[in-house]
Structure formats: C-alpha cells, structure tokens
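See below for the structure under consideration.
Computed from a prediction, not measured in an experiment: that's the story for all the values here.
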Amino acid sequence: MSGLFCAGPSGSLPGSPSEGPVTGRIHSFQSMGAVDGPGLRYVIFLQGCPCRCAYCHNPDTWDFSGGNAYAPEEVVRRVVRYRTYLRDGGVTVTGGEPLQQPAFTAELFRQLQAEGFHTALDTSGIGSLEGAKQVLAHTDLVLADVKFLSEKDYRRYCRADFRQVVCFLDLVREKNIPVWVRRVVVPGLNDTPEHIQALVRFLADYPNTRRVELLPFRKLCLEKYQAMGIPFPLADTPEMSEAALKPLRQLLPEGWR
C-alpha cells in the first residue's frame with residue numbers, strides 16, 4: 001500500500017508552511033505531563049484539528065481560530081523555567097494537530113533542541129508531507145496515533161484519510177525517527193484480538209517502531225461536549241475495562257509493550 005499514492009514535497013495536502021515570521025495558535029500548556037513520551041514532559045496543546053474522531057476528548061481544540069497566538073520564542077521561555085524537572089524528559093507538542101501548524105512546530109522544535117530539550121511530536125499524521133519534513137527535521141520521537149487500518153474506518157470514525165497516515169509513517173521510517181504507536185481501544189470498534197494482530201502485522205513494515213500503547217476508551221469528555229452543545233458520538237458505548245485490555249496487550253511483541 002505505502003508509496004503508491006503519497007504526495008511529493010509539493011503535495012496538495014493541507015497545512016503547508018507559510019512565509020514570514022511564524023506564530024502558533026495554542027490551546028493550553030501542561031507543565032508536568034507523565035504520559036506523553038519518556039520522562040516528565042512539558043506538553044503544548046496546539047489549536048486546530050481537521051479530524052473529527054468519534055472518541056475525541058478535546059473537541060475544544062478543533063476550531064482553528066481558537067486559542068491564543070504565541071511566537072516560538074515565547075513558548076521556549078516558558079519551557080526553560082522547568083529545565084531541572086525535564087532533564088530526563090523533554091517537550092511534547094500535541095493538539096489539536098501539530099502538522100496543521102508545521103512552520104510553527106518546526107521552528108519551536110528547532111529552538112528547543114538548541115536549548116538541549118528532547119522533542120516529541122504527538123500526531124495523527126494528517127497534514128502535508130512538505131510541512132511534516134520540516135517538523136521531523138527537529139523531532140526526536142514521534143507519538144503516532146494509528147486509529148484504524150482501513151480507509152473506510154478512518155472516513156467513518158475520524159473523517160480523515162488513512163492514506164495520509166501511511167504516507168506520514170513512511171516518511172518517519174525514511175528518516176529513521178523512533179515511533180511510539182498509540183491506539184485508543186473502543187468496544188465494538190477495534191477491540192478484538194484480530195484488530196490487534198492486524199496492527200502488529202502492519203507495524204512489522206516499520207522497524208523504527210519502539211513501543212505500542214493500547215489505551216482504554218474513556219468518557220471523561222462528556223461534560224465538554226455537553227458544555228459545547230454538541231453530541232458525543234460514542235455516548236452509549238461502554239468504556240474499555242483494564243481487564244479486557246490486558247489480554248490484548250499480551251498480543252503485542254514483548255519489545256513493544
């Protein structure tokens with residue numbers, strides 16, 4: 001599948017970099033994240049996402065006009081205050097979708113690396129390959145959300161293009177950047193042993209995979225949806241229990257757990 005449809009450096013996918021001084025629209029900051037890459041992380045949530053994942057916990061990050069504008073230098077000044085705590089961790093940029101603001105994310109990562117910080121990109125892989133190349137040039141680790149393995153499911157549950165995800169993963173492999181793959185496991189959607197075995201087979205083509213995290217579906221976001229006046233698509237879906245998730249994790253190669 002991969003390589004047959006990927007857009008080149010001037011591809012027409014959304015989110016390509018712009019000229020001139022860059023700023024980024026940021027939704028929020030988390031100074032001490034413990035689940036967003038190795039060690040303690042300073043986590044930056046960017047504003048704006050083209051996906052509409054059925055289980056999204058952050059619908060308040062969808063709107064591209066929301067959040068507040070920051071220059072990369074402003075964000076770096078915030079991060080360096082926590083240098084002592086981040087010595088064994090680093091900085092993770094998540095979203096929203098960071099690849100929709102590639103010029104800002106790339107410049108922010110460049111400055112953070114110059115300051116000695118480890119950089120992690122938490123992404124769905126949806127964005128232009130041209131922009132992704134700029135970002136990956138300053139990325140130490142990719143946290144890739146591989147939600148499903150078919151175009152049909154991506155369209156139905158995420159309103160996104162699975163082909164873009166594959167093209168992005170191919171690019172990360174080409175650059176030999178380590179990847180942690182993440183998947184939210186949802187009862188009735190992707191929670192069978194066959195789903196996990198298929199994911200393992202798919203990732204066998206990506207030797208830069210270092211870890212696979214199976215995350216249980218939760219509904220802590222219900223209040224956000226209610227406050228925003230929009231329906232939560234999976235309101236009637238039961239949460240994924242840790243007991244049901246445990247045997248699925250056992251299907252992963254030991255080196256990826």
Side-chain angles (χ1 to χ4, degrees), residues 5-30 36-37 42-72 74-75 91-112 119-139 141-148 151 154-155 157-172 175 177 179 181-182 184 224 228 230:
F5 41 69
C6 295
S10 59
S12 59
L13 302 180
S16 55
S18 57
E19 297 295 330
V22 308
T23 59
R25 299 203 70 82
I26 293 178
H27 174 270
S28 56
F29 302 92
Q30 182 181 358
D36 302 282
Y42 193 97
V43 185
I44 301 160
F45 294 84
L46 298 194
Q47 184 75 33
C49 184
C51 301
R52 293 296 181 267
C53 298
Y55 49 77
C56 179
H57 269 211
N58 298 305
D60 45 337
T61 67
W62 291 348
D63 184 0
F64 284 92
S65 64
N68 295 295
Y70 290 85
E74 294 179 272
V75 180
V91 181
T92 298
V93 173
T94 182
E97 175 45 64
L99 293 183
Q100 296 293 311
Q101 300 189 57
F104 172 77
T105 304
E107 177 58 20
L108 175 60
F109 274 2
R110 185 192 70 78
Q111 293 187 25
L112 287 168
T119 59
L121 175 71
D122 185 3
T123 178
S124 66
I126 302 298
S128 76
L129 291 183
E130 179 184 5
K133 285 182 179 179
Q134 292 198 4
V135 175
L136 293 176
H138 305 287
T139 299
L141 173 69
V142 171
L143 308 176
D145 190 0
V146 182
K147 305 167 191 293
F148 301 96
E151 184 68 13
Y154 258 86
R155 289 294 181 191
Y157 297 114
C158 306
R159 296 192 213 168
D161 188 345
F162 179 51
R163 297 174 300 173
Q164 290 190 31
V165 178
V166 174
C167 291
F168 174 75
L169 291 173
D170 287 353
L171 180 61
V172 177
K175 295 184 175 298
I177 299 172
V179 173
V181 171
R182 292 174 151 185
V184 176
K224 280 188 183 181
M228 294 176 67
I230 56 178

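A donor-acceptor pair is defined here as one N or O able to donate and one able to accept, closer than 3.5 Å; no such pair exists between the side chain of Thr23 and the backbone of Ala69. In this structure, the side chain of Thr105 engages the main chain of Pro98 through a donor-acceptor pair within 3.5 Å. No side-chain donor-acceptor contact under 3.5 Å links Arg159 to the backbone of Arg52.
Shown here for Phe104 and Pro72, the closest heavy-atom pair between the two residues is CE1-N, 3.7 Å. Across Leu99 and Pro102, no two heavy atoms sit closer than the pair O-CD, 3.3 Å. Leu169 and Ala144 make their closest contact through CD2-CB, 3.9 Å (heavy atoms, listed as atom of the first residue, atom of the second, distance). Between Ile177 and Leu136, the shortest heavy-atom contact is CD1-O, 3.5 Å. Nearest heavy-atom pair across Thr92 and Asp36 is OG1-O, 2.5 Å. Asn58 approaches Gly95 most closely through the heavy-atom pair ND2-O, 4.3 Å.
Here Asp145 pairs with Lys147 under the salt bridge (charged side-chain N to carboxylate O under 4.0 Å, His left out) rule; sequence neighbours left out. For Tyr55, there are no ring-ring contact (aromatic ring centres under 6.0 Å, His included) partners two or more places apart in sequence or in a different chain. Residues passing the side-chain hydrogen bond (donor to acceptor under 3.5 Å, both in side chains) test with Arg110, sequence neighbours excluded: Glu107. By the side-chain hydrogen bond (donor to acceptor under 3.5 Å, both in side chains) test, Asp63 is found to be paired with Ser65, residues two or more places apart in sequence or in another chain being considered. With sequence neighbours excluded, the residues satisfying side chain to side chain contact (heavy atoms under 4.5 Å, CB included) with His27 are Phe45, Gln47, Asp60, Thr61. Checked against side chain to side chain contact (heavy atoms under 4.5 Å, CB included), Ala160 has the following partners two or more places apart in sequence or in another chain: Cys51, Ile126, Tyr154, Cys158. For Ala137, the side chain to side chain contact (heavy atoms under 4.5 Å, CB included) test picks out no residue, with sequence neighbours left out. Qualifying side-chain hydrogen bond (donor to acceptor under 3.5 Å, both in side chains) partners for Thr94, counting only residues two or more places apart in sequence or in other chains: Asp122. Remark: Glu97 engages no residue in a salt bridge (charged side-chain N to carboxylate O under 4.0 Å, His left out) (not counting sequence neighbours). Partners of Phe64 according to the side chain to side chain contact (heavy atoms under 4.5 Å, CB included) rule, which considers only residues two or more places apart in sequence or in another chain, are Pro50, Gln100. Qualifying salt bridge (charged side-chain N to carboxylate O under 4.0 Å, His left out) partners for Arg155, counting only residues two or more places apart in sequence or in other chains: Glu151, Asp161.
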Next on the checklist: Evaluate His138 against Thr119 for side-chain contact (heavy atoms from CB on, under 4.5 Å), listing each step before the verdict.
Outcome noted: CA-CA 7 Å; His138 305 287; Thr119 59; 5.5 Å; no

